Amino acid sequence: MVRVDFSQLVELQSQPERIRNICILAHVDHGKTTLADSLIASNGIISQRLAGKLRYMDSRPDEQERQITMKSSSIALYYEGHLVNLIDSPGHVDFSSEVSTAVRLCDGAIVVVDVVEGVCPQTRICLKQAYSENLRTVLLLNKVDRLVLEKKMDPVEAYKHLRQVLEQVNAVVGNIFASDVLAKEELSSDHQLSALEDTDDSRIYYTPANGNVLFGSALDGWGFTLKAFAKLYQEKLGVPLAELEEAMWGDFFYSPKKKSIEKGALEKGRKPLFVQLVLDNLWNVYDLVENRDVDKLKAISEKLGIAQTVRDLKHADIRIPIRNLLSQWLPMEKFLLELVVNNVPNPRMIPETKAEKLLCSRMEDFHSFPEQTQKLSKDILKCDASSETLIVFISKMFPVDKKSLPQNVVESFSRMTLMEDSEEAESCDEAFLAFARVYSGTLKRGDKVYVIGPKHDPRNLLSDGFDLSASPHITQVQVDHLFMLMGRQLEVIESVPAGSIAGIAGLQNHVLKTATLSNTPFCPPFVDLPAIATPILRVAVEPKDIQNMPKLVRGLKLLNQADACVEVRIQESGEHVLLTLGEVHLERCIKDLEETYAKIKLNVSKPIVPFKETIVKFVPTSEENPEEELAKERERDKTVTIFTPNKQSFIKLLAIPLPEEAVELLERSNPILKALAKSQEAKEISHYLKDSLEDLKAKLSKIFVESETEELNASTVDKIWSFGPKKCGTNVLLNCSSFNHPLVWDLRQVPNDSVDIRHSLESSFVNGFQLASLAGPLADEPMQGVCFILLEWDVTAPNAEADESSSAVVSHGPLSGQIMSIVKDGCKKAFQNQPQRLVHPMYSCNITVNSDVLGKLYAVIGRRQGRILSADLIEGSGQFDVSAVIPVIESFNFATEIRKQTSGLAMPQLVFSHWEIVDIDPYWVPTTEEEYEQYGEKADFTNIAKVYMDSIRERKGLPVEKKTVEHAEKQRTLSKNK
């Protein structure tokens with residue numbers, strides 16, 4: 001291939017209608033980076049022979065070693081007068097945040113599916129994300145060569161298998177579409193079916209005849225659409241092109257006698273047209289791999305006009321000449337990029353809904369923004385390079401090696417380095433660039449632009465002018481250098497017109513992860529990137545030499561900026577904690593810290609897993625007299641009455657468990673509750689938030705009515721005082737006392753002028769509840785699913801004759817503080833009056849294995865307290881698709897153990913799934929005769945909940961009930977002379 005001239009790419013940047021911004025999405029090991037190599041080779045950047053082996057987009061050494069992509073990276077490609085900005089993204093779940101950064105900048109995507117493995121968990125997530133971001137996608141059914149070489153399928157079996165895989169993909173897409181339609185339509189169940197029927201879903205499905213499906217093998221460099229083969233056979237069969245293309249995917253066959261296409265191939269025992277015209281030819285070529293018939297291969301190559309060298313034909317690996325033959329006969333890059341150009345919209349064809357969605361979240365009303373802000377959506381739709389309004393979105397900051405940059409760029413980086421110390425500035429080998437797309441206007445080198453932080457609100461701007469110094473969430477900066485991203489290389493450019501993707505230098509001191517750039521302060525920050533996975537795995541890090549602590553702090557800042565997936569926190573104890581998505585991600589972060597950013601040796605703690613605390617309904621343990629135990633439990637007083645130290649106030653509380661459905665609903669409604677907490681300060685409330693709150697209130701009321709708990713009924717919803725922790729959790733504070741408080745559902749809470757002294761103490765009471773729900777009594781972990789009922793609250797007004805001197809206040813503190821303290825203590829005591837449980841996070845695990853190692857797989861999952869949910873035989877493959885859940889705390893080195901036990905045949909993917917109650921009381925000891933008989937006095941079995949609880953308490957420095965020595969005896973040495 002001829003190397004494309006860089007000037008052509010720069011020239012095309014100014015023609016938005018000729019630009020396509022796309023990313024490659026797939027499950028891990030389905031062939032994304034190999035596909036990218038094939039497309040890059042078409043531009044002459046790498047050799048066609050190295051495509052699939054070089055992994056050009058994987059520039060990190062650990063990416064090459066592990067053979068997985070860990071970061072999203074972009075390259076500009078030329079195809080028939082079009083500029084294609086291609087972003088290769090990771091497929092491993094540990095790096096799913098990198099996928100979000102890629103998806104946000106694109107208008108379309110190539111979804112890759114391995115035809116042998118079919119639809120995998122990450123494939124579903126990719127399809128869902130592409131749908132939510134309004135991306136137009138094309139489907140590549142990859143690794144078709146495996147069907148003939150590995151699975152030994154004949155063409156008819158392969159055709160049936162391909163149809164099944166396509167149906168699986170369309171089933172996932174249809175499910176995503178239906179869920180979205182039903183979520184948007186706030187209708188009763190009677191009308192939901194009609195809502196689906198009224199919505200047009202013809203464009204969302206993948207059908208080869210519609211020209212949005214490609215079959216191929218990225219490793220061998222070939223691919224085709226139905227149209228490609230229809231053009232080959234059109235003249236020979238004498239059938240119109242459109243008719244032939246439509247009939248090639250379905251139950252049709254060609255009748256040589258009638259010289260026409262007929263229906264009913266399977267009924268009449270004939271081969272379908274797709275098998276006749278396509279698969280038979282491909283299978284004949286791949287049969288040469290086993291037969292090694294060089295003469296036949298040479299004859300086929302000559303017939304197709306493809307030159308084969310003598311050296312290739314005599315090569316020890318027969319696949320080399322076969323690869324040459326197929327990649328020249330059916331070039332992957334030609335047909336795939338043609339599909340992309342025809343299906344993916346250019347930057348000027350962004351849907352109007354997407355433009356508003358970028359600027360405004362669903363919880364806010366776009367029409368509540370100033371008029372200048374509302375006009376910006378039209379600027380995004382126009383995508384005009386000559387527009388005076390500049391809008392740029394930065395999806396992430398990424399590190400580059402300074403050695404790969406021109407000298408003048410390196411010098412400017414050293415001037416604006418984060419560290420003031422010149423020695424440390426020189427020791428940092430990497431510089432940070434912004435990964436960005438220009439949505440409106442032209443970004444030029446030297447431009448002064450506003451960097452708009454995620455908390456900036458244009459509604460708060462003064463009408464008479466904008467004061468930069470008075471706005472904490474907006475700064476002004478000068479753009480230093482601009483780059484066209486070319487994979488491992490960067491090309492310096494002077495300007496970036498609207499519609500293009502580029503790298504921006506000079507922002508590393510102003511942007512942490514994401515930001516919006518504009519020349520107007522009325523531009524709102526773009527909506528946050530969607531979170532695919534939750535960072536659940538944590539470790540504490542510290543330097544081995546304590547004098548290197550400043551280097552560690554600086555290294556953590558750089559790591560936080562360089563890695564879109566990681567979170568860095570400083571605990572109350574002073575520990576520096578890394579939050580990561582999994583073990584592979586954690587290993588990469590520690591390696592980057594030690595070798596690149598901090599350059600010091602680290603002590604890394606054992607992984608820290610967050611827990612939650614809850615209470616459950618009492619369950620009798622006796623098999624003979626359960627009614628007697630229940631009667632005793634009912635008689636026991638579970639209420640807590642507690643007074644303030646100065647006896648001026650007392651409260652009476654009761655804790656009960658919330659129904660499981662209510663907890664799940666509150667978890668799903670977390671964004672709504674967050675928006676509710678913020679709404680008190682907002683100037684205008686969106687209709688969507690009002691409707692969402694009404695819907696949440698109605699669902700909660702229904703759950704409370706249907707629950708068997710006496711304390712919960714239809715009026716309970718109106719008694720909710722607060723949610724916790726952080727006003728958006730799954731714990732509820734109910735007010736059943738004589739105190740009248742404003743409803744939590746009120747979006748505008750008017751100050752109360754009542755003479756009741758309790759109104760002035762209301763915030764202290766709520767804060768006490770928030771503190772209690774944030775740190776429970778078991779191990780100082782947040783509570784979940786607990787309902788605290790305030791039965792009585794009495795505050796006596798201070799007596800004029802009483803001693804109200806300063807000494808009284810000093811001894812007990814102000815009343816507001818006392819209220820906060822007794823509410824916190826009262827909630828914890830009420831919690832302890834009920835059966836207590838720990839709640840731990842669970843990973844969902846999907847593994848595809850052969851039947852001969854299924855037993856070993858079950859054994860590993862069983863040893864780690866896991867549960868098998870399903871094990872389904874994958875049709876036509878002899879493999880099982882196993883779904884399981886496993887506690888996060890038991891998952892360390894799980895993947896390594898699975899690979900060892902199954903000889904590398906099983907590769908698990910762990911994704912955070914849900915929170916699950918550990919169904920053992922941490923404080924359980926045998927009490928009944930039955931329990932003594934079964935377990936003995938010491939209860940000789942491992943109470944896993946107590947083990948978890950003690951490990952958390954030890955780590956936090958809380959007291960632990962532990963016998964250091966049991967059954968101690970005096971030891972004597974055998975030798976008396978010593």
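Side-chain atoms are counted along with the backbone in the values below, which use heavy atoms only and exclude waters and symmetry mates. Worth saying up front: this structure is predicted, and the values here are computed from it rather than measured.
- Nearest heavy atoms, K32 versus P90: CE-C, 3.8 Å.
- Classification of K271 and D280 as a salt-bridged pair holds, one side-chain N sitting under 4.0 Å from a carboxylate O.
- At least one side-chain heavy atom of V918 sits less than 4.5 Å from a side-chain heavy atom of I944.
- Taking a cutoff of 4.0 Å between a charged side-chain nitrogen and a carboxylate oxygen, R588 and E583 do not qualify as a salt bridge.
- Put simply, the side chain of S89 reaches to within 4.5 Å of the side chain of L25, judged on heavy atoms.
- Contact check for H914 versus V885: side-chain heavy atoms found under the 4.5 Å cut-off.
- Inter-residue side-chain proximity for L336 and L35 is flagged as met; some heavy-atom pair is nearer than 4.5 Å.
- With respect to the salt-bridge test (charged N to carboxylate O, under 4.0 angstrom), the residues R163 and D251 do not qualify.
- In this structure, a donor-acceptor pair under 3.5 Å is present between the side chains of D180 and Y131.
- The shortest non-hydrogen separation linking V165 to G118 is CG1-CA, 4.5 Å.
- Considering only residues two or more places apart in sequence or on other chains, W329 meets the ring-ring contact (aromatic ring centres under 6.0 Å, His included) condition with F229.
- Residues F224 and F335 keep their aromatic ring centres 6.0 Å or farther apart.
- Checking E333 against S42 by side-chain atom types alone, no donor-acceptor pair falls below 3.5 Å.
- Side-chain atoms of D881 and V849, non-hydrogen and from C-beta on, never get closer than 4.5 Å to each other.
- Separation of the F611 and W915 ring centroids does not fall under the 6.0 Å cut-off.
- Side-chain contact, S73 with D88: no donor N or O sits under 3.5 Å from an acceptor N or O.
- G216 and L140 make their closest contact through N-CD1, 4.2 Å (heavy atoms, listed as atom of the first residue, atom of the second, distance).
- Separating the OG atom in S217 from the CG atom in L141 is a distance of 12.5 Å, to the nearest 0.5 Å.
- In this structure, Y159 has its ring center closer than 6.0 angstrom to the ring center of W249.
- Using a 4.0 Å cut-off between charged side-chain N and carboxylate O, D220 and R319 make a salt bridge.
- Summarising the geometry of H585 relative to C565, their closest heavy-atom pair is CE1-CB, 3.3 Å, with the distance given to 0.1 Å.
- Ionic pairing of K946 and D921 is not present here: no N-O contact between side-chain nitrogen and carboxylate oxygen is shorter than 4.0 angstrom.
- Taking every heavy atom of both residues into account, L54 and Q64 meet most closely at O-NE2, 3.2 Å.
- Looking at heavy atoms from C-beta onward, I300 lies in side-chain contact with L288 at the 4.5 angstrom threshold.
- The shortest heavy-atom contact between F95 and T69 is CD1-O, 4.2 Å.
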- Hey, mind stepping through Q129 and S100 against side chain to side chain donor-acceptor pair (under 3.5 Å) and telling me if it holds? CA-CA 8 Å; Q129 204 166 12; S100 301; 2.9 Å; yes

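- With no hydrogens or angles considered, no side-chain donor-acceptor pair links E916 and H840 at under 3.5 Å.
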- Message: For a salt bridge (charged side-chain N to carboxylate O under 4.0 Å, His left out) check, start with the C-alpha distance between D919 and R837, then their side-chain angles and the critical distance, and finish with the verdict.
- Response: CA-CA 7 Å; D919 203 15; R837 297 289 187 272; 3.5 Å; yes

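- A salt bridge links E897 to R863: one of the charged nitrogens lies within less than 4.0 Å of a carboxylate oxygen.
- D563 has no carboxylate O lying under 4.0 Å from a charged side-chain N of K71, or vice versa, which leaves the two without a salt bridge.
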